[in-house]
There are 2 protein chains.
Amino acid sequence: MTQDYSHFPRHLVAVDCIIFGFDGENLKILLVQRNFEPKMGEWSLMGGFIGDEETSDEAAQRVLNTLTGLENIYLEQLNSYTQIDREPTARIMSISYYALINIEKNIQINEKYSAKWFDLKDRPDLIFDHNDMVKDAVLRLRRRATTRPIGFELLPKKFTMKDLQNLYEAIFDEKYDKRNFTNKINALDVLVKTAEKDMSSSKKGSFLYTFDEEKYNKKIAEGFMFKI
Amino acid sequence: MTQDYSHFPRHLVAVDCIIFGFDGENLKILLVQRNFEPKMGEWSLMGGFIGDEETSDEAAQRVLNTLTGLENIYLEQLNSYTQIDREPTARIMSISYYALINIEKNIQINEKYSAKWFDLKDRPDLIFDHNDMVKDAVLRLRRRATTRPIGFELLPKKFTMKDLQNLYEAIFDEKYDKRNFTNKINALDVLVKTAEKDMSSSKKGSFLYTFDEEKYNKKIAEGFMFKI
DNA sequence: ACAAAAGTGTTCTCAATACACCCATGT
DNA sequence: ACATGGGTGTATTGAGAACACTTTTGT
């Protein structure tokens with residue numbers, strides 16, 4: 001006897017994306033303004049329903065691509081949210097994803113969605129359980145940032161040590177000692193110091209670094225811990 | 001205008017439970033033998049579909065209760081698995097949960113499901129993507145075990161220091177030094193040494209401990225890290 | 001000359017590790 | 001008396017944290 005699925009309940013399942021960016025100073029989040037009821041005009045995460053022919057990962061990539069035009073975004077699945085009344089109009093489950101994108105890439109944000117970057121610490125109240133999703137995503141981001149130098153995805157190709165420190169300070173909402181930070185990063189041995197300097201921030205100028213992708217991937221494969 | 005959901009696809013969504021136990025020596029997993037096609041007779045995780053009137057958490061509790069008769073089991077949501085062909089007969093999404101249960105509680109395992117405890121390290125091959133689910137669950141269990149003394153759920157009320165060490169060795173698949181382990185556990189200050197001894201393992205007998213639930217909860221609230 | 005940010009090393013402290021002997025008891 | 005597992009403390013090492021002055025250069 002083979003299972004007959006016809007009378008099992010079926011559900012609407014969406015994905016919602018927590019999109020993080022970094023502007024060199026603060027951690028940012030990309031939010032969209034609802035243009036339909038309910039809660040029209042309020043801010044929310046970008047989301048969409050999972051189709052019959054796509055996985056949740058694919059749906060999240062599609063949703064992000066629709067909004068930003070970017071392909072192959074760094075995405076990680078977070079949690080499922082299945083409260084029955086989490087949306088007022090229908091029972092909709094949602095799988096959340098967090099995305100890391102480099103703000104400097106010239107993103108063509110689709111104007112249809114009235115999207116806007118907010119400082120993570122100064123974001124508006126969101127609809128439904130999206131505030132919870134963001135909180136969970138920040139926790140995951142912090143955890144992830146101790147396992148691998150997340151900066152790869154959030155920083156431009158070339159960046160200063162200060163940028164990197166600012167990023168970690170923004171992620172963990174803490175201040176670090178400049179010397180200890182530099183020492184620890186250098187001990188990791190995944191950065192390459194270029195000959196170039198960024199002259200915009202000071203008279204002296206500060207050296208630009210890039211990630212050594214090969215060393216970086218090797219470290220990850222070996223499983224390293226990156227505690228600041 | 002309000003959203004009309006009628007032509008969005010709807011999906012079958014299941015929960016699958018990775019049920020861990022501990023017998024004092026080895027980490028165990030409770031598996032069920034399929035009694036329907038496809039893959040009848042093979043071993044799998046216990047699972048079930050999410051109904052219209054329940055959250056995924058509730059569905060997981062229900063599934064576990066059906067199998068073991070236990071209520072209020074320690075459960076934690078893990079991941080969603082949404083590969084389109086993860087089951088051959090229909091597109092079924094699954095949200096995995098891991099459960100920790102104390103094997104000593106006299107569990108009435110529902111015979112309908114031909115369930116059996118296996119050594120985690122010596123378990124049979126599972127159907128579909130259930131092997132992946134178990135692997136992911138073990139990783140999460142390890143992570144969780146560094147955040148809180150998981151033993152609470154997996155050990156009987158009273159246990160010896162050796163039991164606790166065996167548990168951690170089973171979870172991390174490593175051996176620890178007896179003195180260092182004891183020192184570290186005592187430093188945590190969450191155990192109470194009782195006057196009783198377990199005489200079954202040696203002539204001398206070994207003291208039994210219990211968790212100090214109050215101190216334990218206080219520590220968790222303060223957010224402690226428990227690295228062995 | 002001075003202001004403003006960049007760059008750089010050492011000391012101290014504490015936690016993690018390694019390690020070996022005596023104890024209590026049933027046989 | 002001896003065999004078996006239980007129980008205990010110390011010394012060493014290494015990593016993380018605290019900490020301040022010099023350098024460069026545009027104005």
Choose from [options] the nucleotide whose nearest atom is closest to any side-chain atom of [X].
| X | options | value |
| --- | --- | --- |
| A:Asn180 | D:dG16, C:dG9, C:dA5 | C:dG9 |
| B:Ser206 | D:dG6, C:dG26, C:dC19 | D:dG6 |
| B:Asn183 | D:dG16, D:dG9, C:dA5 | D:dG9 |
| B:Lys203 | C:dT25, D:dA17, C:dA18 | C:dT25 |

Quick one: [X] [atom1] to [N] [atom2], roughly how many Å, whole number?
| X | N | atom1 | atom2 | answer |
| --- | --- | --- | --- | --- |
| A:Lys197 | C:dA5 | NZ | P | 15 Å |
| B:Arg179 | C:dC22 | CZ | P | 13 Å |
| B:Lys175 | C:dC19 | NZ | P | 18 Å |
| A:Lys204 | C:dT8 | NZ | C1' | 9 Å |
| B:Met199 | C:dA24 | CE | C1' | 9 Å |
| B:Asp198 | C:dA24 | CG | C1' | 15 Å |
| B:Asp177 | D:dG5 | CG | P | 18 Å |
| B:Lys184 | C:dA18 | NZ | C1' | 12 Å |

Less than 4.0 Å between a side-chain N and a carboxylate O, is that true for A:Asp198 and A:Lys162?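 The answer is no: the pair does not qualify as a salt bridge.
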If you draw a 6.0 Å radius around CD in B:Gln165, do more than 12 non-hydrogen atoms from other residues or ligands fall strictly inside?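 Count over threshold, so yes.
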Could you tell me whether A:Lys193 contacts a base, only the sugar-phosphate backbone, or nothing, with contacts defined as non-hydrogen atoms closer than 4.0 Å?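 Answer is sugar-phosphate: A:Lys193 comes under 4.0 Å of backbone atoms only.
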So what does A:Lys178 hit on the nucleic acid, given a heavy-atom distance under 4.0 Å: a base, only sugar-phosphate, or nothing?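 Here A:Lys178 touches the bases of the nucleic acid.
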Quick check: on DNA chain C, is the nucleotide nearest A:Thr182 upstream (toward 5') of the one nearest A:Ser201, or the reverse? Name the residue that is more 5'.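 Nearest-nucleotide comparison on DNA chain C picks A:Ser201.
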Determine whether B:Phe226 and B:Tyr168 make a side-chain contact, defined as any pair of heavy atoms from C-beta on separated by less than 4.5 Å.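 SC-SC contact between B:Phe226 and B:Tyr168 confirmed.
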Under the 6.0 Å and 45° cation-pi test, does A:Lys197 pair with A:Phe207?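 Relative to the ring axis of A:Phe207, which defines the angle, A:Lys197 lies inside both limits.
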Which word best sums up how the rings of B:Phe118 and B:Trp43 line up, parallel for under 30°, tilted for 30 to 60°, or perpendicular for over 60°?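 Rings of B:Phe118 and B:Trp43: perpendicular, as their planes differ by over 60°.
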